[in-house]
2 protein chains.
Amino acid sequence: MEVLNGKWKILIIGTLMAGGKKRFMELLREVDGIAAKMLSKELQELEMHKLISRTVCNTKPITVEYEITEYGKKLEKILLELTNWGMEHREMILKG
Amino acid sequence: MEVLNGKWKILIIGTLMAGGKKRFMELLREVDGIAAKMLSKELQELEMHKLISRTVCNTKPITVEYEITEYGKKLEKILLELTNWGMEHREMILKG
DNA sequence: CTGGATCCGGCAGGATACTG
DNA sequence: CAGTATCCTGCCGGATCCAG
């Protein structure tokens, strides 16, 4: 699918699926190797597609929380199957 | 998944899933807009991952047939779900 | 802390021409 | 018909600096 385009989207979704609600910095730490600009950009794209929600918290240093939407969770099942397939695939290829 | 990387792989797999065994030229015609170089390259990558099989036929002008492997068919179910999700998604986005 | 603006290099991918 | 070789280009994504 072209909605999942970009080097990090699946990783981001995976991280949010595993850990639930996350702040920007948490994602920056947990999605290993990603730059702030890329995280910001891909989060925006995911939000445009209604896969995640963005919530601004009025704390002193402003914080933002991202979360998978109910709609986005429909992808969860499919993505999990895809991941499982990928695991089996790795083994199958490594053996020959 | 990173195995499905490349602009055309999903379209190629989809075409082979829908039409069964196909020759190079048939794919070149049916996968709209693809160049021969790209088709060749992505077919090789798919073959390395055992998702499709390549069979050379000893006809006068040599022909080659490509087909989804039994193993590759395991992706069919997942890919169909992903496609269905994409259809619903399109509608959902267009409405707002 | 969140994220926008800018600059830049590398590579995916397109067009074309050629071979067995 | 099937595939390779070569060249060229856009844009994806990384680094860095700046702002609210």
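Every chain is numbered from 1 and lettered A, B, ... according to where its sequence line falls, protein lines coming before strand lines. Keep in mind that this is a model prediction, so the values were computed, not measured.
The side chain of B/Ser40 contributes no N or O atom lying less than 4.0 Å from OP1 or OP2 of D/dA2.
Atom OH of A/Tyr66 and atom C1' of C/dC1 are 11 Å apart (whole Å). In this entry the distance linking CD1 of B/Ile34 with P of C/dA12 reads 15 Å, nearest Å. The separation between B/Asn58 atom CG and C/dG20 atom P is 18 Å, rounded to whole Å. Atoms NZ (B/Lys7) and C1' (C/dC11) sit 14 Å apart, rounded to a whole Å. Regarding A/Leu27, its CG atom lies at a distance of 13 Å from the C1' atom of C/dC1, rounded to whole Å. Taking atom CG of residue B/Asp32 and atom P of nucleotide C/dG14, one finds them 12 Å apart after rounding to whole Å. Between the CE atom of B/Met38 and the P atom of C/dT16 there is a distance of 15 Å, given to the nearest Å. With rounding to whole Å, A/Leu4 atom CG is found 17 Å from D/dC12 atom C1'.
Closest contact between the side chain of A/Lys37 and the listed nucleotides C/dC1, D/dG13, D/dC1 involves D/dG13. Side-chain proximity of A/Glu42 to the nucleotides D/dA5, D/dG13, D/dC1 is greatest for D/dG13. Taking the side chain of A/Gln44 as heavy atoms from C-beta on, and the options C/dT2, C/dG4, D/dC1, the nearest nucleotide is C/dG4. Residue B/Trp8 has its side chain nearest to C/dG14 when only C/dG4, D/dG13, C/dG14 are considered. You'll find that the side chain of B/Lys41 is closest to C/dA12, out of D/dC1, C/dA12, D/dT4.
Between B/Glu67 and B/Lys22 there is no salt bridge, since no side-chain N of the basic residue sits under 4.0 Å from a carboxylate O of the acidic one. Using a cutoff of 4.0 Å between basic side-chain nitrogens and carboxylate oxygens, B/Glu70 and B/Lys73 are scored as salt-bridged.
The main-chain N or O of B/Ala36 is never found under 3.5 Å from a side-chain atom of B/Ser40 such that the two would form a donor-acceptor pair.
A chain of hydrophobic side-chain contacts below 4.5 Å, direct or via other Ile, Leu, Val, Met, Phe, Trp or Tyr residues, connects B/Met25 to B/Val64.
Taking all atoms of both residues into account, the shortest heavy-atom contact from A/Ile13 to A/Leu4 is CD1-CD2, 4.0 Å.
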